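For reference, the structure discussed in these notes is given below.
If you're wondering where the values come from, they're calculated on a predicted model, not measured in any experiment.
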Amino acid sequence: TVATSEANSKSVSMRGFTGGLISVPSGSSITSITYYISSTESGTYLPLYSGGSQISTTVAAGRVYALDSAVKGAAFLKLKGDAAGSVDLHLTSS
C-alpha cells in the first residue's frame with residue numbers, strides 16, 4: 001500500500017534483498033514515489049537522500065520501474081506516493 005503520508009504507507013522488509021522493481025498497475029493515479037527508510041519495522045522512518053536531494057521516482061500507470069539503488073542496505077522501506085494506491089514490489093535477493 002502506498003499512501004500520501006509515510007505514516008500510512010505499508011512497511012516492507014528489505015533484509016536479504018538488494019533491490020527490486022515497482023510495478024504500477026493500470027489505472028493508478030500515482031505519478032511520484034518517494035522513499036523512507038528505518039532500521040526497525042516500527043521505528044522512525046526518515047526520507048532517503050542522495051547528494052542533498054530526497055530520492056523520488058516519477059512513475060506512470062501500467063509501467064514497471066527499478067527501485068532506486070540507494071535502498072540497497074536498508075532494513076525497512078516505505079513508499080509514499082503523491083496519490084494513494086497500491087503497487088507490486090518484486091524484490092531481488094543478494
Could you walk me through whether Leu89 and Ile22 pass the side chain to side chain contact (heavy atoms under 4.5 Å, CB included) check?
CA-CA 5 Å; Leu89 284 178; Ile22 303 169; 3.7 Å; yes
Are any non-hydrogen side-chain atoms of [X] and [Y] less than 4.5 angstrom apart?
X	Y	value
Ile30	Val2	yes
Leu67	Leu77	yes
Val64	Ser23	yes

If I compare all heavy atoms of Ala3 with all of Ser9, which pair ends up nearest, and what's the gap?
N-OG, 3.1 Å
Looking at Ser29 and Ala84, what are the two nearest heavy atoms and their distance?
OG-O, 4.4 Å
Hey, can you pull the donor-acceptor pairs under 3.5 Å for the side chains in residues 54-61, sequence neighbours left out?
unit_1	atom_1	unit_2	atom_2	d
Gln54	NE2	Tyr36	OH	3.3
Thr57	OG1	Tyr35	OH	2.7

At what distance, to the nearest 0.5 angstrom, does OG1 of Thr18 lie from CG of Leu91?
9.0 Å
Listed partners of Ser38 passing side chain to side chain donor-acceptor pair (under 3.5 Å), at least two apart:
none
Those residues at least two apart in sequence (or on a different chain) that pass side chain to side chain donor-acceptor pair (under 3.5 Å) with Ser5 are Asn8
Pairs where residues 68-82 contributes a residue and the test salt bridge (Lys or Arg N to Asp or Glu O under 4.0 Å) is met, not counting sequence neighbours
Glu6-Lys78
Once side chain to side chain contact (heavy atoms under 4.5 Å, CB included) is applied, do any residues pair with Ser13, and if so which ones, sequence neighbours excluded?
Arg15, Phe76
If only atom types and distance count, is the side chain of Thr92 paired as donor or acceptor with the main-chain N or O of Gly19 below 3.5 Å?
yes
Got a list of side-chain donor-acceptor pairs under 3.5 Å for residues 40-49, not counting sequence neighbours?
unit_1	atom_1	unit_2	atom_2	d
Thr40	OG1	Gly43	N	3.1
Glu41	OE2	Ser11	OG	3.2
Tyr45	OH	Glu41	O	2.9

